[in-house]
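Letters go in sequence order (proteins before strands), and every chain restarts at 1.
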Amino acid sequence: MLQIGYIRENRDHVIERLRVRNFAAVELVDEVIALDEQRRQLQTESDALAAEANAAARQIGDLMRQGKREEAEAIKAKASGYKDQQKKLADALAAAELQLHEKLVLLPNLPHQSVPKGMGAEDNEVVLEHGHRSELPEDALPHWDLAARYDIIDFELGTKVTGAGFPVYKGKGAKLQRAMINFFLDQAEKAGYREVQPPILINGASGFGTGQLPDKEGQMYHVGIDDLYLIPTAEVPVTNLYRDTIVKESDFPIKLTAYTPCFRREAGSYGAHVRGLNRLHQFDKVEVVQIVHPEKSYKVLEEMSVYVQSLLRALNLPYRVLRLCGGDMGFTSALTYDMEVWSAAQKRWLEVSSVSNFEAYQSNRLKVRFKGGGGKMQPAHTLNGSALALPRILAAILEDNQTEKGIRIPEVLVPYTGFEWID
RNA sequence: GGAGAGUUGGCAGAGUGGUCGAAUGCGGCGGUCUUGAAAACCGUUGUCCUUAACCGGACCGGGGGUUCGAAUCCCUCACUCUCCGCCA
């Protein structure tokens, strides 16, 4: 979340920045500032009263030690009144803090200067396009038909076991999945990321830390009996590894990678574009996360973008990079690049990665801090990116590499699959 | 799941209800000594809120209670450890 001190001192700037998201912030920002004012007022009163009560208690202690019992009793009688007053003020203060917090978490992150204004996907800025969009013959098949023809993904079977959006990968399909996971993890390790295997169920505090809660409550699967959530992305458990920690400045940059399954309810998103692998409730993803010095975060964002692109190049997939506009960007992000691969048979772009700089928005909630210049504690910056999400990559590979002989496996994956063709 | 023990500063580890934000050791930082380093010695060393600053306030796992006053007593929750049960 945003820092209250920053909002207090930069009201107009905050409002102006949030306009880029089409977020009408005037009312909320003013409310937050008023609540903060109230909170500080109560804090001051409460502190003054506590100081008085403390002084009285100390005095009683002194008198008792000197054996002046009667004098002590006199003060005692007076001091007993503090309790109710203190309780009243403490309650008011707690209520004010709660109200402030409730409003504060409703404010999304401030977009970076370079974020274009816009409403939705159509306003995203194409930063670059790489490779040629393949021209396939007329009888080329979309991946769901290819999956059926070669018996490598079974959507119906998954529906029986669980429900729609939970495919079963079979034979070479399953093996190709495993190959991609290993390839992506190996590449990440070469790029300096340390591999971790985090839990794939998280508690509410973790969900709050990275910003999924309360904003996207309905998008996560919730295990009611234990009050845990299935992760929608490895970002959540991996970034939360550093919740409530003070990082040594010399430990920057912290670079982590993890493979996990991801679970998303995708409530309300049905239609033509969710066929096949396009949108699933469970899918596999390798994620990269960095925790860095604030001065470095935008350089690191570019580095992560280049890294993700290197994977797409290695797989020989035509792709483009988008700079998301204010209206399309996630709640917690300051700047996001989306990478999309060209689905040759569907003739449309598929998002396979999203790389974001959250600046201090997450670390304020997470309390990931370091002691900066002058010995002052300050929040670190967090970033993450998909590297990569598997299903749409698989879709693109199947569609783009289909031939009369079968589907050709990208060269870099052959050492991992052990076969060159799906036929 | 059952029974018991525990949770204190970066770590280890004291702490009779009143000067405890907390002994001591280690670690960290600064200094003396040294050609340099080590050792030794001296000093220093938490976070947060409020404030221009001083002052003040909060924090000894979380929450609540008793009391003029709680790290210390009571309740409750979470977690850790030991034993038993179950189990990939």
| request: Nearest whole angstrom, please: distance from the C1' of C77(B) to the CG of Asn203(A). | output: 15 Å
| query | How far, in whole Å, is U34(B) from C29(B) if one measures between their P atoms? | reply | 22 Å
| task | Write down the distance separating the C1' atoms in C20(B) and A71(B), rounded off to the nearest Å. | result | 8 Å
| field | Atom-pair distance (CG on Leu93(A); C1' on C59(B)), nearest Å | value | 14 Å
| In whole angstrom, what separates Leu228(A)'s CG from A78(B)'s P? | 13 Å
| remark: The single option from Arg11(A), Glu16(A), Glu9(A) that satisfies side chain to side chain contact (heavy atoms under 4.5 Å, CB included) with His13(A) is Glu16(A)
| What is the base-pairing partner of U67(B), counting Watson-Crick and G-U wobble geometry with both distances under 3.5 Å? | none
| message | Are Phe370(A) and His293(A) an aromatic pair, judged by ring center distance below 6.0 Å? | response | yes
| Quiz item: Asp47(A) side-chain donor-acceptor pair to G57(B) base, under 3.5 Å | no
| remark: The Watson-Crick or G-U wobble partner of A53(B), with both key distances under 3.5 Å, is none
| said: Does A58(B) have its OP1 or OP2 closer than 4.0 Å to a side-chain nitrogen or oxygen of Asn54(A)? | reply: yes
| message | Distance check, P atoms only: A38(B) and C60(B), in whole angstrom units. | response | 38 Å
| When you compare G9(B) with G63(B), how far apart are their P atoms, in angstrom units rounded to a whole number? | 15 Å
| If pairing requires Watson-Crick or G-U wobble contacts with both distances under 3.5 Å, which nucleotide is the partner of C41(B)? | G31(B)
| request: Send over the distance from Glu45(A) CD to A58(B) C1', rounded to a whole Å. | output: 17 Å
| query | Whom does U7(B) pair with, Watson-Crick or G-U wobble, provided both distances fall under 3.5 Å? | reply | A78(B)
| If we take the P atom in both G4(B) and C55(B), what is their distance in whole Å? | 49 Å
| request: Figure out the NZ/C1' separation between Lys367(A) and C49(B), and round it to whole Å. | output: 13 Å
| query | Tell me, for nucleotides 61-75 of chain B in 5' to 3' order, what letter each nucleotide earns: B for a base near a protein heavy atom under 4.0 Å, S for only sugar-phosphate near one, - for neither? | reply | ----SSBBS------
| Any side-chain donor paired with an acceptor under 3.5 Å for Glu359(A) and Tyr298(A)? | yes
| field | Spacing of the P atoms in U8(B) and U80(B) (rounded, Å) | value | 14 Å
| Less than 4.0 Å between a side-chain N and a carboxylate O, is that true for Glu73(A) and Lys76(A)? | yes
| message | Does this structure show an ion pair linking Lys68(A) with Asp62(A), if we count only N-O contacts that are shorter than 4.0 Å? | response | no
| Does NZ or CZ of Lys296(A) lie under 6.0 Å from the centre of the six-membered ring of Phe252(A), at an angle within 45° of the ring axis? | no
| Option from Val289(A), Ile291(A), Leu241(A), Thr245(A) for which side chain to side chain contact (heavy atoms under 4.5 Å, CB included) with Ile254(A) holds | Ile291(A)
| Could you give the CG-to-C1' distance, from Asp227(A) to C77(B), as a whole number of Å? | 14 Å
| remark: In whole angstroms, the gap separating P of A78(B) from CG of Asp226(A) amounts to 11 Å
| query | If only side-chain N and O atoms of Lys371(A) are considered, is one of them under 4.0 Å from the OP1 or OP2 phosphate oxygen of U47(B)? | reply | yes
| query | Which whole number of Å gives the distance between the C1' atom of U50(B) and that of C59(B)? | reply | 15 Å
| message | Which nucleotide, if any, forms a Watson-Crick or G-U wobble pair with C60(B), using both distances under 3.5 Å? | response | none
| remark: Partner of G1(B) under the Watson-Crick or G-U wobble criteria, both distances under 3.5 Å, comes out as C84(B)
| task | Round to a whole Å and report the spacing from CD1 of Ile246(A) to P of G9(B). | result | 12 Å
| Within the structure, does a side-chain N or O atom of Arg40(A) lie under 4.0 Å from either OP1 or OP2 of U51(B)? | yes
| Of Arg369(A) and Ser46(A), whose closest RNA chain B nucleotide lies nearer the 5' terminus? | Arg369(A)
| task | Can you tell me, in whole Å, how much space there is between the C1' of C68(B) and that of C81(B)? | result | 39 Å
| request: State, without any angle test, whether Ser354(A) and Asp338(A) hold a side-chain donor-acceptor pair at a distance under 3.5 Å. | output: yes
| Under-4.0 Å salt bridge between Arg40(A) and Asp36(A) | yes
